[in-house]
Amino acid sequence: MLEKLKELQKFFQATLHLLLINTPYNLKRTGDEKKLMEAFAVQNQLENYTLNIRNGFQESYGIMEFAEETKAELIAMGTHGRRGVAHLFAGSIAEKVVNHMNCPIWTFSMHTK
């Protein structure tokens with residue numbers, strides 16, 4: 001997914017805003033998360049990016065609030081593609097965002113075949 005995202009970023013000459021949403025169920029210290037995000041960016045040779053951490057009750061709402069705050073022109077998201085009972089219990093962050101945002105959303109399946 002990351003290589004495709006980098007191609008997309010290069011094509012549009014865009015800034016990549018990496019976003020982590022801390023929820024009450026997976027709350028972590030911001031300093032620790034920033035270090036992990038920076039290591040991820042360096043390891044994957046990202047360029048022209050920002051690191052962003054937000055707190056929210058649900059990941060989907062945090063993503064939508066951040067997109068509105070930054071006036072995002074495109075949202076890129078990986079998706080697990082859950083179906084059936086797994087989808088019923090776990091839901092879909094990408095689906096919630098797609099159904100509530102007006103900007104284009106690029107989703108990429110995280111499943112490996």
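- To the nearest 0.5 Å, atom OG1 of residue Thr107 and atom CD1 of residue Ile93 are 13.0 Å apart.
- The list of salt bridge (charged side-chain N to carboxylate O under 4.0 Å, His left out) pairs with a residue in residues 44-57, not counting sequence neighbours, reads Arg54-Glu69.
- Taking each heavy atom of Pro24 and Gly56 in turn, the nearest pair found is CD-O, 3.3 Å.
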Could you check Phe66 against Ile21 for side chain to side chain contact (heavy atoms under 4.5 Å, CB included), going step by step and ending with a plain yes or no?
CA-CA 10 Å; Phe66 182 78; Ile21 306 297; 5.5 Å; no
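- Cluster annotation: Val42 and Met1 are assigned to distinct hydrophobic clusters (Ile/Leu/Val/Met/Phe/Trp/Tyr, side-chain heavy-atom contacts under 4.5 Å, transitive).
- Remark: Asn102 pairs with no residue by the side-chain hydrogen bond (donor to acceptor under 3.5 Å, both in side chains) rule, at least two apart or across chains.
- Heavy-atom neighbours of Tyr61 OH from other residues, nucleotides or ligands within 6.0 Å: at or below the threshold of 12.
- Leu20 contributes atom CG, which lies 10.0 Å from atom NZ of Lys34 (distance to the nearest 0.5 angstrom).
- Atom CD of Glu95 sits about 10.0 Å away from atom NE2 of His100, to the nearest 0.5 Å.
- For the atom pair OH of Tyr49 and CG of Asn44, the computed distance is 10.5 Å after rounding to the nearest 0.5 Å.
- Taken from CD1 in Ile75 to CE in Met77, the straight-line distance is 7.5 Å, to the nearest 0.5 Å.
- For the pair Cys103 and Ala72, the tightest heavy-atom approach, listed with the atom from each and the gap, is CB-O, 3.8 Å.
- Annotation: side chain to side chain donor-acceptor pair (under 3.5 Å) contacts involving residues 4-19, sequence neighbours excluded, comprise Thr15-Asn48, His17-Thr50.
- For the residue pair Tyr25 / Gln58, no side-chain donor-acceptor distance below 3.5 Å is found, with atom types taken as modelled.
- Side-chain contact between Leu5 and Phe108 is absent, with no heavy atoms from C-beta onward closer than 4.5 Å.
- Between Met101 and Glu68 there is a side-chain heavy-atom pair separated by less than 4.5 Å.
- Closest heavy-atom contact between Ile105 and Val98: CD1-CA, 3.5 Å.
- Two different hydrophobic clusters hold Ile53 and Leu36 under the rule that ILVMFWY side chains link at heavy-atom gaps under 4.5 Å.
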I'd like to know whether Phe57 forms a side chain to side chain contact (heavy atoms under 4.5 Å, CB included) with Thr23, so could you lay out the CA-CA distance, the side-chain angles of the two residues, the decisive distance to 0.1 Å, and finally the verdict.
CA-CA 5 Å; Phe57 288 106; Thr23 66; over 6 Å; no
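- Between the CG atom in Asn22 and the CG atom in Asn55 there is a gap of 5.0 Å [rounded to 0.5 Å].
- Screening Glu33, Met37, Lys35 against Leu51 for a side-chain contact (heavy atoms from CB on, under 4.5 Å) leaves a single residue, Met37.
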